[in-house]
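Whatever order the structure lists ligands and atoms in, that order sets their numbers, starting from 1. Note: hydrogens, waters and symmetry copies are ignored here, and every other heavy atom, side chains too, is used.
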Amino acid sequence: MNIIKHFVGGKVIDGTSRRKGQVFNPATGEQESEVILATKSDLDKTVEIAKKAFDTWSLKPALQRARIMFKFKELIEKNFDELTKLIVSEHGKVYEDAKGSLIRGLEVVEFACGIPHVLKGEFSENVGTNVDSYSMRQPLGVAAGITPFNFPAMVPMWMFPLAIACGNTFILKPSEKDPSCPMRLAELLHEAGLPAGVFNVVNGDKEVVDAILSNNDIKALSFVGSTPIAKYIYENAAKNEKRVQALGGAKNHLVVMPDCDLEGAVNGLMGAAYGSAGERCMAQSVAVAVGDIGDELVSRLVKKAEALKIGPGMDKSSEMGPLVTKQHLEKVKGYVDLGVKEGAKLALDGRDLKLQGYENGFYIGGCLFDHVTTDMRIYKEEIFGPVLSVVRVKTFEEATKMINEHEYGNGVSIYTRDGDAGRTFASKIQVGMVGINVPIPVPMAFHSFGGWKRSLFGDSGMHGMEGVKFYTKLKTITSRWPSGIRSNPEFIMPTME
Ligand code: NAD
């Protein structure tokens, strides 16, 4: 059995724990690895190492840190295939999708290569007579990241390239369901020339998460995962005086207006609802059919969803792979059972899918509910599987009101040919990331990623300038040199003249 350990101080280490988690290949349903689940003492030792590494790393010129990022980028490109296969083998998503997610992570590394430019401060000459003022952004110290199973490379890469490039040291606690790709990224970072202790991976579960929350030497914490855990992280990290950003779950709507390019909307929905088996925080799990478009929309969706090619992620012809674990498969099937009980019309049922040769894999076929209403749990809750709900409304206003009243506000899209509707939608909708005739509006690395409402606790998103601000603190200096020093003491609030 393959044993996945920790990466600390520039090398793979065992740690002190005897507790282990199981890592499966979702395509076959077989356990392929065990991951060691760290203790509080493992985490505390890692923090000591990262703290020591910060003393020298934070003083390195930003240009030298950027050069390591350039080299890291090169190594990721060189090892694309291996990294992609690691994602497929533990997460289950199809190869090209896994590769796409890696590219989206790589884009943050590319953004981090420009760190000397983005860290430049501001300077004002003569804010008062002979007085200058300037600002700089300085790193915080040891930062940590806790990440979900659904993007084992991309989500950690929303965090650590910028944290490190800004001069912090970093401890990553990846999901215990698919930790191999982050471990390999740690090795590549060191091959790129990163000094030992600057980037560390500590594998584990709640025990190590709680150790991160209670360690006072961790100054900033980035979290991505489900909403109940995001809230727990936000409250406890803030209580322990950490800077915190905690991204949570989602229920994203795609509004289909009667005037839209319907084929474009249906294709957009297919990829956004069933891509990565619906295990994306930006998955479109609710289609909002406006006016009389519902019947035609559902009939086209059923035809396409029935034809979805489902199979192992390494099979080049697969469009959708399995779910991540057996427990998650049972949970998603349970939601489909619930939808039927709640009275929604199950237009396509994927629950009984069996794949020849992969009978033990965690597969489910695409499911489609029609006539879903806002009081149903399948509408309110995040299912995180290939289950699309169609809600029918009469007007654009009804659609926006419904979306604005939902507890989540991660992503949303509208398909329309009406510029006025598109513009009003973008302006009025209470959601952080908006697509207009774009199905999955994930911002690029040089913009920032973040939802609203219960999809993000804290006030900054990931990557882009929000990321740079999150991983640095602002210092503003006001200076006067001897020829300008006033001779008498002053007891009034200083004003600049
Ligand atoms: P999860 O909340 O179960 O786990 C996330 C992390 O928290 C993991 O590292 C896990 O080990 C840890 N964790 C789990 N239970 C914990 C507990 N009780 N105490 C402390 N730590 C705990 O999420 P998941 O199932 O891995 O990922 C799916 C979720 O992540 C979905 O809700 C999805 O929407 C969300 N997600 C959100 C975004 C976003 O940008 N908003 C992006 C990706 C995923």
- Task: Please determine, by modelled atom types, if K428 and N404 share a side-chain donor-acceptor pair under 3.5 angstrom.
- Result: no
- Message: Ignoring hydrogens and geometry beyond distance, is a side-chain donor-acceptor pair present between H253 and Y379 at under 3.5 Å?
- Response: yes
- Item | Residue pair V256 / I414, side-chain heavy-atom distance below 4.5 Å | no
- Taking the side chain as every heavy atom from C-beta outward, state whether T84 and I87 have any pair of such atoms under 4.5 Å apart. no
- Task: Check ring pair (Phe, Tyr, Trp, His ring centres under 6.0 Å) between F384 and all other residues, then give those that pass, not counting sequence neighbours.
- Result: F149
- Item | Test side chain to side chain donor-acceptor pair (under 3.5 Å) applied to E466 and S460, step by step | CA-CA 6 Å; E466 294 259 305; S460 56; 4.9 Å; no
Could you list each N/O atom of ligand 1 together with any protein N/O atom closer than 3.5 Å, one pair per line with the distance?
residue: ligand 1; atom: 2 (O); partner: S226; partner atom: N; Å: 2.9
residue: ligand 1; atom: 2 (O); partner: S226; partner atom: OG; Å: 2.6
residue: ligand 1; atom: 9 (O); partner: T147; partner atom: O; Å: 2.8
residue: ligand 1; atom: 9 (O); partner: K173; partner atom: NZ; Å: 2.9
residue: ligand 1; atom: 11 (O); partner: K173; partner atom: NZ; Å: 2.7
residue: ligand 1; atom: 11 (O); partner: E176; partner atom: OE1; Å: 2.7
residue: ligand 1; atom: 11 (O); partner: E176; partner atom: OE2; Å: 3.4
residue: ligand 1; atom: 26 (O); partner: F149; partner atom: N; Å: 3.0
residue: ligand 1; atom: 30 (O); partner: G225; partner atom: O; Å: 3.3
residue: ligand 1; atom: 32 (O); partner: E382; partner atom: OE1; Å: 2.6
residue: ligand 1; atom: 34 (O); partner: E382; partner atom: OE2; Å: 2.6
residue: ligand 1; atom: 41 (N); partner: G248; partner atom: O; Å: 2.8

